[in-house]
Amino acid sequence: MPKGETSRDGQGQFTIGVVGCGYWGPNLLRNFNQLPGARVKYCCDLSDERLSHMKALYPHLVATKDVGDIIKDEEVDGVVIATPVSTHYAIGRACLEGGKHVLLEKPLTQSAAEAESLVKLADEKKKVLFVGHTFIYSAAVEKMKELLKAGELGDIYYVSSVRVNLGLFQEDINVIWDLAPHDISIMNFLFDSEPVTVTTFARSYIQPGIEDVAFLILQYPGGTVAHIQVSWLDPNKIRRTTLVGSKKMLVYDDTSTLEKIRVYDKGVDVLPHYDTFGEFQLSYRFGDIVVPKINEVEPLKKECSHFMDCALNGTRPQSSGRDGLAVVKVVERACESAKLGGAPLPLDAGEGSGGR
Ligand SMILES: NC(=O)c1ccc[n+]([C@@H]2O[C@H](COP(=O)([O-])OP(=O)(O)OC[C@H]3O[C@@H](n4cnc5c(N)ncnc54)[C@H](O)[C@@H]3O)[C@@H](O)[C@H]2O)c1
């Protein structure tokens with residue numbers, strides 16, 4: 001839609017339908033419902049129980065089991081999809097073909113081929129395809145990127161991310177598809193690039209054939225190594241990313257309410273002159289620990305508002321379909337690597353990737 005033009009509902013509002021009202025969809029619905037300029041007209045789910053729950057919370061909504069009702073409604077500008085991953089492609093495709101802007105939850109699709117096809121279709125239809133990489137809208141992740149860009153940490157040696165807890169076991173996807181998109185999207189965002197290789201070890205202990213524990217190693221251009229541990233089989237809930245740089249180190253703990261980021265002025269310097277191995281000396285630096293101030297707004301609120309801005313004003317999404325495709329490519333390759341017992345596999349930055 002050209003800049004400055006409003007939607008077609010005659011009230012100057014951006015009108016949407018939310019498809020999938022299970023665990024995550026209601027969070028999207030709540031945020032759009034509170035967003036000035038937006039109007040949620042539909043909730044859609046296959047479950048009567050979920051629909052009546054949503055109607056009890058928001059009596060003004062039109063409830064439907066058929067996404068087709070939303071697609072054929074001329075008043076609707078955008079569709080927000082939070083259904084199981086296996087349904088993303090078909091629902092996303094139908095909405096784009098029906099001329100709607102689409103916000104599709106992560107992971108964008110269950111294969112890179114499907115993601116590529118949606119990116120292409122969105123381009124053809126000149127509609128926004130937006131992926132729900134929610135963490136890149138968090139103030140903590142934005143602060144990390146700001147510190148990286150400012151060179152606060154120096155050269156990044158490596159990054160390590162742990163995203164583990166007990167459950168929730170999924171029946172249709174493994175833990176890599178379920179949890180790793182968060183870490184991969186954060187890292188691609190922080191480094192403004194995509195990994196060039198991936199190596200994965202994974203095991204399925206509880207449900208045969210569905211990996212519940214995985215260890216991924218990604219290499220980014222320039223040599224930065226990223227380690228991601230994801231698990232549904234851990235006694236503790238941990239959401240922690242550690243960045244180790246040549247100047248400083250940073251720990252991002254998403255479970256902390258007050259100190260999400262800590263920057264450690266810690267490091268090791270090699271003393272400049274030595275003649276023999278015996279004289280080889282390292283100097284350990286233990287400086288201040290700084291907790292940067294973060295003005296936390298609900299990341300989903302920013303994400304929803306940004307989607308509306310992209311649809312109405314042609315702003316480039318911070319989490320575009322191409323960014324969704326880039327993450328799906330890594331997850332797909334990571335699963336292949338795991339099936340091969342941890343073989344390192346290259347990732348080609350082919351069509352649709354990059355350009356962030
Ligand atoms: N961005 C995030 O932080 C985040 C967090 C959690 C989940 N998610 C994503 O959100 C999506 C949904 O996850 P969830 O945990 O809410 O799943 P869920 O199973 O709790 O809910 C999915 C809902 O979709 C409905 N549904 C299934 N097929 C449908 C169809 N064809 N039409 C209409 N409704 C249909 C189901 O009845 C169910 O109520 C997944 O892609 C998941 O990865 C994202």
Side-chain angles (χ1 to χ4, degrees), residues 16-32 40 42-57 61-72 76 79-95 98 100 102-111 114-115 118 129-138 140-141 161 163 165 167-186 189 210 230 232 237 239 254-255 298-304 306-307 317-319 321 323-324 327-328 331:
I16 63 153
V18 175
V19 185
C21 301
Y23 160 66
W24 193 244
N27 291 324
L28 287 154
L29 206 159
R30 170 177 52 81
N31 273 285
F32 277 110
V40 186
Y42 290 92
C43 62
C44 172
D45 203 292
L46 299 180
S47 148
D48 287 320
E49 190 246 311
R50 292 310 298 161
L51 286 180
S52 32
H53 181 68
M54 298 320 291
K55 281 286 282 181
L57 290 175
L61 293 183
V62 180
T64 177
K65 287 183 167 183
D66 181 3
V67 68
D69 291 341
I70 303 178
I71 296 172
K72 65 180 181 238
V76 173
V79 185
V80 174
I81 304 162
T83 53
V85 183
S86 57
T87 65
H88 285 187
Y89 176 70
I91 300 177
R93 183 161 197 96
C95 293
K100 308 300 183 196
V102 169
L103 189 168
L104 199 39
E105 256 317 319
K106 64 85 211 165
L108 187 65
T109 52
Q110 56 182 1
S111 76
E114 287 180 353
L118 287 190
L129 175 61
F130 190 106
V131 64
H133 290 165
T134 311
F135 279 92
I136 68 164
Y137 296 93
S138 96
V141 172
S161 209
R163 190 173 299 274
N165 43 255
L168 302 165
F169 283 82
Q170 309 281 325
E171 287 166 16
D172 54 340
I173 50 169
N174 67 20
V175 74
I176 307 175
W177 283 100
D178 185 33
L179 297 182
H182 292 308
D183 304 284
I184 300 164
S185 60
I186 291 172
F189 175 69
I210 302 181
V230 282
W232 293 326
K237 176 168 177 167
R239 302 280 183 266
D254 194 61
T255 60
E298 185 180 357
L300 205 51
K301 183 176 176 181
K302 270 201 229 167
E303 181 186 309
C304 294
H306 182 48
F307 172 61
Q318 191 164 297
S319 53
D323 297 314
V327 167
V328 167
V331 173

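Every number for a ligand or one of its atoms is a count from 1 in the order of the listing.
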Looking only at heavy atoms, the pair that brings Leu46 and Lys65 closest together is O-CE, 3.4 Å
Start with the C-alpha gap between Tyr89 and Ser111, add the side-chain angles, then the distance that decides, and say whether side-chain hydrogen bond (donor to acceptor under 3.5 Å, both in side chains) holds.
CA-CA 9 Å; Tyr89 176 70; Ser111 76; over 6 Å; no
Between ligand 1 and the protein, which N/O pairs are shorter than 3.5 Å?
from, atom 1, to, atom 2, distance (Å)
ligand 1, 1 (N), Glu105, OE1, 3.0
ligand 1, 1 (N), Gly132, O, 3.4
ligand 1, 1 (N), Thr134, OG1, 2.8
ligand 1, 16 (O), Tyr23, N, 3.2
ligand 1, 16 (O), Trp24, N, 2.8
ligand 1, 20 (O), Tyr23, N, 2.9
ligand 1, 37 (O), Asp45, OD1, 2.5
ligand 1, 39 (O), Asp45, OD1, 3.2
ligand 1, 39 (O), Asp45, OD2, 2.7
ligand 1, 41 (O), Thr83, O, 3.4
ligand 1, 41 (O), His88, NE2, 3.0
ligand 1, 41 (O), Lys106, O, 3.1
ligand 1, 43 (O), Lys106, O, 2.7
ligand 1, 43 (O), Lys106, NZ, 3.1

Nearest 0.5 angstrom please: Cys304 SG to Phe130 CZ, how far?
8.0 Å
Separation between CG (Leu51) and CG (Asp45), nearest 0.5 Å, reads 5.5 Å
Euclidean distance, Asp254 CG relative to Lys237 NZ, rounded to 0.5 Å:
8.0 Å
Please list, chain by chain and in numerical order, all residues satisfying side-chain hydrogen bond (donor to acceptor under 3.5 Å, both in side chains) with Ser138, sequence neighbours excluded.
none
